[in-house]
Amino acid sequence: GACVGNRAGAFNIGQEGQVLIGAMLAVFVGLRMPGPPILVITISAVAGAVAGGLWAGVSSFLHRIRGVNVVVSTLLMSFIAVQLVSYVVSVPWLLQEPKTDASSTAANQSAIIPDDYRLPSFGQYPNLSINIGLIIAIVLTVVVALLLARSRWGFTIGMVGRNPLTAQHAGVRVALVSAAALMVSGACAGLAGAVVVEGAVYRLQPAVSNNFGWDGLLVALIARNRPMLAIPVAIVFGALRTGSAFLAATGVPVYLVNVVQSLLVFACVIAPALTFAQARLSKNAQETS
């Protein structure tokens with residue numbers, strides 16, 4: 001999702017909130033909709049993607065009518081999403097988990113999704129276990145990579161991202177393409193939220209996003225907005241995240257994982273930045289001469 005938005009110049013840094021909104025709608029559908037499990041799971045995932053896309057679309061709408069900066073609005077929308085989810089799981093008639101008895105206190109979380117309405121997994125813990133959410137993520141990444149590289153839509157997005165003025169003169173509706181890219185970016189994040197609650201957490205909580213949105217931004221940054229390269233980078237980040245639990249058990253500070261991630265980002269970003277700065281200085285020197 002971050003790769004699509006960045007390619008179009010619509011820098012979406014609100015994935016964390018879009019993950020939350022997608023998770024909220026997916027849980028709502030999963031708990032309230034009757035029907036066969038495969039149908040409910042599919043509609044829940046689609047609802048999460050649509051919710052994430054519409055949530056990102058609000059920022060595009062604000063930019064269109066009021067000129068609000070997309071980077072700022074997507075970031076601030078994440079804070080609104082956190083408060084909205086906190087409210088939804090604290091109201092009994094919305095998604096708050098029912099009390100077990102009259103004397104107990106209801107927790108600020110939703111009821112758990114029944115076993116039949118969860119994403120299936122291959123294998124079983126403690127042996128190798130692969131949730132179908134991983135397959136969904138890889139397939140979606142491959143599809144997005146092909147569209148960006150081989151389709152007219154991908155070419156248009158790249159043109160808008162590189163030079164909106166040239167794209168406009170070529171007849172491209174820049175505002176529409178940017179808005180669509182931003183909504184596709186949000187839809188990917190919303191689908192990620194649906195996968196998290198349907199395949200791992202099984203209930204809605206205010207912290208269910210667990211910084212997945214921010215990690216996605218860093219993965220896209222290291223991959224330089226190339227979806228296929230984002231797959232191995234994401235696996236490395238996932239391994240670091242999983243290994244942090246082991247580090248905590250051995251007494252090693254967990255924040256070392258964040259330090260390693262930051263160093264990875266710094267190492268991958270500083271080289272292109274220095275190359276660009278050197279090329280800029282050389283160009284200025286030639287012009288001066």
Side-chain angles (χ1 to χ4, degrees), residues 1-2 12-33 37 40-56 77-78 81-86 88-89 95 97 107-123 125 129-141 144 184-220 230-231 233-245 257 261:
N12 176 19
I13 64 171
Q15 276 95 344
E16 189 75 6
Q18 292 147 18
V19 168
L20 275 174
I21 296 299
M24 181 180 70
L25 264 293
V27 169
F28 186 86
V29 173
L31 293 177
R32 300 293 177 87
M33 180 180 174
V40 175
I41 291 173
T42 303
I43 294 179
S44 297
V46 172
V50 171
L54 292 177
W55 194 256
M77 289 290 287
S78 295
V82 172
Q83 298 301 320
L84 180 60
V85 170
S86 298
V88 166
V89 296
L95 282 178
E97 183 180 23
N108 287 338
Q109 60 185 16
S110 72
I112 195 166
I113 297 177
D115 293 343
D116 293 339
Y117 295 91
R118 301 175 183 177
L119 287 175
S121 298
F122 304 98
Y125 181 84
S129 177
I130 298 177
N131 188 271
I132 198 173
L134 175 63
I135 299 175
I136 293 173
I138 293 176
V139 170
L140 180 62
T141 303
V144 169
V184 169
S185 177
C188 291
L191 179 60
V195 167
V196 167
V197 293
E198 291 184 336
V201 182
Y202 309 128
R203 68 167 79 236
L204 181 66
Q205 298 168 327
V208 74
S209 56
N210 198 22
N211 291 331
F212 290 132
W214 303 122
D215 283 353
L217 288 171
L218 297 180
V219 167
I231 294 177
V233 176
I235 291 175
V236 171
F237 270 62
L240 289 171
R241 177 188 284 267
T242 304
S244 63
V257 172
Q261 290 180 342

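Rounding to the nearest 0.5 Å places OG1 of Thr42 at 9.0 Å from CG of Leu119. Separating the OG atom in Ser86 from the CD atom in Gln109 is a distance of 12.5 Å, to the nearest 0.5 Å. In this structure, Gln18 CD and Ile13 CD1 are separated by 10.5 Å, a value rounded to the nearest 0.5 Å. Distance check, rounded to the nearest 0.5 Å: CG of Asp215 to CZ of Phe237 gives 6.5 Å. The distance from the CD1 atom of Ile235 to the CD1 atom of Ile138 is 6.0 Å, given to the nearest 0.5 Å.
Between Leu20 and the options Val208, Leu84, Val196, a side chain to side chain contact (heavy atoms under 4.5 Å, CB included) holds for only Val208. No option in Leu204, Ile112, Val85 other than Leu204 meets the side chain to side chain contact (heavy atoms under 4.5 Å, CB included) test with Val27.
Shortest non-hydrogen contact noted between Gly199 and Asn131 is O-ND2, 3.2 Å. When every heavy atom of Val29 is checked against every heavy atom of Ser44, the shortest pair comes out as CG1-OG, 3.4 Å. Of all non-hydrogen atoms in Ala230 and Val219, the two that sit nearest each other are O-CG1, 3.6 Å. Between Asn12 and Leu217, the shortest heavy-atom distance links the atoms O-CD2, 3.2 Å. Nearest heavy-atom pair, Cys188 versus Gly1, reported as atom, atom and distance to 0.1 Å: CB-CA, 3.7 Å. In terms of heavy-atom proximity, Val40 sits nearest to Gly30 at CG1-CA, 4.0 Å.
Side-chain contact between Phe122 and Ile135 is present, with heavy atoms from C-beta onward closer than 4.5 Å.
Side-chain N or O atoms of Arg118 include none that pairs as donor or acceptor with a backbone N or O of Tyr202 at under 3.5 Å. Judged by distance alone, the side chain of Asn210 and the main-chain N or O of Phe212 form no donor-acceptor pair under 3.5 Å.
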>> The test is side-chain hydrogen bond (donor to acceptor under 3.5 Å, both in side chains); show your working for Ser78 and Glu16 and say whether it passes.
In response: CA-CA 6 Å; Ser78 295; Glu16 189 75 6; over 6 Å; no
> side chain to side chain contact (heavy atoms under 4.5 Å, CB included) between Ser185 and Gln15: does it pass, once the steps are laid out?
Replying inline: CA-CA 8 Å; Ser185 177; Gln15 276 95 344; 3.6 Å; yes
